[in-house]
Amino acid sequence: MNERLMEFLLRDEVSRLTGMKRKVYEFIVYEEDYLASKADTVDQFMRLLVKHSPPRLAARHFNMTYEEIIRFMHEIEDELSARLEERCKKVKWMDLTEKNQQAFEDDHKRLYLFVN
């Protein structure tokens, strides 16, 4: 399936998580993204992950143990995975570029994505 569509569906599913699940998930993902932006290589990123451990930061931030955060994050990821799998069964990707090329050219080559 299209990578952009998957990113869109994931963001949508994350926004539908209950309060604490969404907060924990977004906290950890934000910290991981921050570390990724600081790293120049995959190895450097891995070292930053070990050194700064987003799950440990989340455990302190949310007043939980490291083990609780890890279990909770696995639960959240399993829930998101199940939701995405269900949504992907319902989504049909249609590329209409060739169908009406002139309309796309007239509209400055925009790509329209309809998701139900």
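Fair warning: this is a prediction, and the values are worked out from it, not measured in the lab.
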Please report the interatomic distance [atom1]([X]) to [atom2]([Y]), rounded to the nearest 0.5 Å.
X	Y	atom1	atom2	result
Leu10	Arg87	CG	CZ	10.5 Å
Glu7	Asp12	CD	CG	13.5 Å
His52	Lys38	NE2	NZ	10.0 Å
Tyr25	Arg22	OH	CZ	13.0 Å
Lys23	Ile28	NZ	CD1	14.5 Å
Met64	Ile69	CE	CD1	4.5 Å

Exercise for review: Show your reasoning for whether side-chain contact (heavy atoms from CB on, under 4.5 Å) applies to Gln44 and Thr41.
Suggested key: CA-CA 5 Å; Gln44 187 179 18; Thr41 65; 3.3 Å; yes
Under a 4.5 Å side-chain heavy-atom rule over Ile, Leu, Val, Met, Phe, Trp and Tyr, are [X] and [Y] clustered together?
X	Y	value
Tyr34	Met46	yes
Leu57	Val29	yes
Met73	Leu84	yes

Indicate yes or no: at least one non-hydrogen side-chain atom of [X] is less than 4.5 angstrom from one of [Y].
X	Y	value
Asp78	Glu75	no
Arg16	Arg83	yes
Val14	Ile76	no

Review point. Between Ser53 (side chain) and Val50 (backbone), is there a donor-acceptor pair under 3.5 Å?
Key: no
Exercise for review: Check whether any side-chain N or O of Glu13 sits under 3.5 Å from a backbone N or O of Leu9 as a donor-acceptor pair, and report yes or no.
Suggested key: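 Not confirmed, Glu13 side chain does not pair with Leu9 backbone.
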Exercise for review: Indicate, with yes or no, if the rings of Phe62 and Phe27 have centres closer together than 6.0 Å.
Suggested key: yes
**Study point:** side-chain hydrogen bond (donor to acceptor under 3.5 Å, both in side chains) contacts in which one or both residues fall within residues 57-67, not counting sequence neighbours
**Key:** Thr65-Glu68
Exercise for review: Apply the test side-chain contact (heavy atoms from CB on, under 4.5 Å) to residues Glu31 and Leu35: give CA-CA distance (whole Å), side-chain angles for both, the deciding distance (0.1 Å), then the verdict.
Suggested key: CA-CA 6 Å; Glu31 293 298 325; Leu35 294 176; 5.6 Å; no
